[in-house]
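Bear in mind the structure is a predicted one, so any value in this text is a computation, not a measurement. Scope of the values below: all heavy atoms of this structure, side chains included, with no hydrogens, waters or symmetry mates.
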Amino acid sequence: MEEQKKSREQILEEQVEELKKENEQLRKERAMYEDWWRKADAKNYELAESVKSISTIANLICTAAKS
């Protein structure tokens, strides 16, 4: 009985260790993906600003062409 209890405790301890390792890996992956999202957001903002500039220039050209 005592041996079974030890074995069960050992199994549970091993499971806890595995879960801790998995949790740490998931934290690293989450940080990586969050970093990617931040970079993508910055690029999207940069792209939107570029589109605004191009639209402004295109409007100026059209206005000048009409004159």
Check: Lys20 and Glu17 side chains under 4.5 Å, non-hydrogen atoms: yes

Kindly compute the distance separating [atom1] ([X]) from [atom2] ([Y]), expressed to the nearest 0.5 Å.
X	Y	atom1	atom2	answer
Gln25	Lys28	CD	NZ	6.0 Å
Trp37	Asn44	CH2	CG	9.0 Å
Lys43	Lys39	NZ	NZ	9.5 Å
Arg8	Ile11	CZ	CD1	6.5 Å
Glu49	Glu46	CD	CD	9.5 Å

Criterion salt bridge (charged side-chain N to carboxylate O under 4.0 Å, His left out) on Glu18 and Lys21, from CA distance to verdict: CA-CA 5 Å; Glu18 286 179 30; Lys21 288 178 186 175; over 6 Å; no

Test applied, side chain to side chain contact (heavy atoms under 4.5 Å, CB included); reference residue, Ile57; option that passes from Asn59, Ile61, Ile54: Ile61

Test log, rule salt bridge (charged side-chain N to carboxylate O under 4.0 Å, His left out), inputs Glu34 and Arg30: CA-CA 6 Å; Glu34 286 177 348; Arg30 178 182 176 191; 3.0 Å; yes

